[in-house]
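Report on the structure given below.
Just follow the structure's listing: the first ligand is 1, and inside any ligand the first atom is 1. All values reported here derive from a predicted model rather than from experimental measurement.
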Amino acid sequence: MNEVPKTVWWDDVPCLIDQLRLPAMLDIVRCEDLNSVIEAIRSMQVRGAPAIGITAAYGMALAAKRSTAQTSSKLIEKLVKAKSLLDAARPTAINLAWATQRMLDIAQANAQLEPDQLRQRLLAEAETIRDQDEAMCRAIGQHGKTLLAQTRNVLTHCNAGGLATAAYGTALAPIRAVHEDGQPIHVWVDETRPFLQGARLTAWELQQAGIDLTLITDNMAAYFMQQGHVDCIIVGSDRIAANGDVANKIGTYGLAVLAKAHNIPLYVAAPTSTIDLQTANGAAIPIEQRSTQEVTHIGQQAIAAEGIKVAHPAFDVTPAHLVTAIITEQGIAYPPFAEQLHTMVEAANAANARQ
Ligand SMILES: CSC[C@H]1O[C@H](OP(=O)(O)O)[C@H](O)[C@@H]1O
């Protein structure tokens, strides 16, 4: 099945699916300037760690294109500012800062080029980041499917499908891979309050892919585990610390505790661009605090009284000891994770340097 392209460079600007309008409407947003890229990331028109990294990379290329700098050194000064603004849009997913840093590194390594040549080189790098992400997702699918050979029922949380990446997804990749091999597979889809990425996005993606699913509310997950209807849990990640602690959508930690209590494997699927070797453990991962309106409203409909106190941490951290395995494009890591994660990142960097 050909996927709808996600964030792409089209007609000379980044264009992306407005995920706030899904599943009712498949609407495309044209980002005419850097501010519209930043707003698309901040508002979650585009969301998902790899997807916001790719979009930020195109944002850097757009900033270069829109800059009137007459020298490459002045152009690079503009890119330093662009990186700072993009990185601030959402702090938890390391893919965002990883992508903007990679773009800035390319600019600085090619500072000898004329400004227009440098602009072209930057757009080429953003396209490479996008293409590599899709390849990493498909590799995650191939590695991850080896863990699902005896699996019929998988539970997912939030959305880590094609919409959260260049294409194909991370947590959904092994599920898609076994489905494409003809293996029967069913997915319990956590709706994932408060932003409902599971209900709005994962259910839609699985339906589009012809994969059997059942949408459940987050507080039903324990019931289906207790009834023996969940063989494993697969989630994505926004940042994996050097020791294997995993930041992911709020609610993941609770699922990990439930998985342990029911002796169910919890797998984390992510490209090596989500592994942050500079962050020693989960305690150092910044947790994004989002708008309280996303908790008190569903769309424009208020579901809580005005004037009450509301909390909205958008992510939580699952300690490495609750993670059964981490699936990357480089292979599958098992506890203790630190050395394997370091090796995987080094291998990915070496492969990128050869390209
Ligand atoms: C493939 S990364 C997906 C990851 O991103 C989601 O967060 P958000 O929807 O807020 O961008 C969630 O944590 C997913 O696991």
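Ligand-side atoms of ligand 1 in range of K249: 7 (O), 8 (P), 10 (O), 12 (C), 13 (O), range being under 4.0 angstrom from any heavy atom. With ligand atoms numbered from 1 in the order given, ligand 1 contributes 3 (C), 5 (O), 11 (O) to contacts under 4.0 Å with heavy atoms of G48. Shown in contact with P50 at under 4.0 Å from a heavy atom are these atoms of ligand 1, numbered in order with element: 1 (C), 2 (S). Set against the non-hydrogen atoms of Q197, the atoms of ligand 1 under 4.0 Å away are 8 (P), 9 (O), 10 (O).
The heavy atom nearest to atom 1 (C) of ligand 1, considering only T170, L201, L96, N159, is found in T170. For the residues T192, D238, V235, the heavy atom positioned nearest atom 4 (C) of ligand 1 is part of D238.
Under a 4.0 angstrom heavy-atom cut-off, F195 registers as lying outside contact with ligand 1. The closest approach between a heavy atom of M44 and any atom of ligand 1 is below 4.0 Å. A171 does not count as a contact of ligand 1, since none of its heavy atoms falls under 4.0 Å from the ligand.
Between F224 and H229, the ring planes are tilted. Angles from 30° to 60° get that label.
Closest to atom 6 (C) of ligand 1 among all protein heavy atoms lies R47 NH2, 3.6 Å. Of the protein's heavy atoms, C158 SG, 3.4 Å lies nearest to atom 12 (C) of ligand 1. Here the protein heavy atom with the shortest distance to atom 15 (O) of ligand 1 is N248 OD1, 2.5 Å.
Each of R47, Q19, Q197 was scored for a side-chain hydrogen bond (donor to acceptor under 3.5 Å, both in side chains) with N159, with one residue passing: R47.
No donor-acceptor pair under 3.5 Å is formed between the side chain of K78 and the backbone N or O of A64. Although no hydrogens or angles enter the test, the distance criterion places a donor-acceptor pair under 3.5 Å between the side chain of Q117 and the main chain of E114.
In the displayed structure, Q112 atom CD is contacted under 6.0 Å by more than 12 heavy atoms of other residues, nucleotides or ligands. Counting non-hydrogen atoms of neighbouring residues, nucleotides and ligands closer than 6.0 angstrom, the OH atom of Y253 reaches no more than 12 such neighbours.
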Check step by step if side chain to side chain contact (heavy atoms under 4.5 Å, CB included) holds for T156 and D190.
CA-CA 6 Å; T156 66; D190 264 7; 5.7 Å; no

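At a 3.5 angstrom cut-off on N or O pairs, R90 counts as close to ligand 1.
Cation-pi geometry between R290 and F315 is not met: the NZ or CZ atom fails to fall both under 6.0 Å from the ring centre and inside 45° of the normal.
Using a 3.5 Å distance cut-off with no hydrogens or angles, the side chains of Q132 and N352 do pair a donor with an acceptor.
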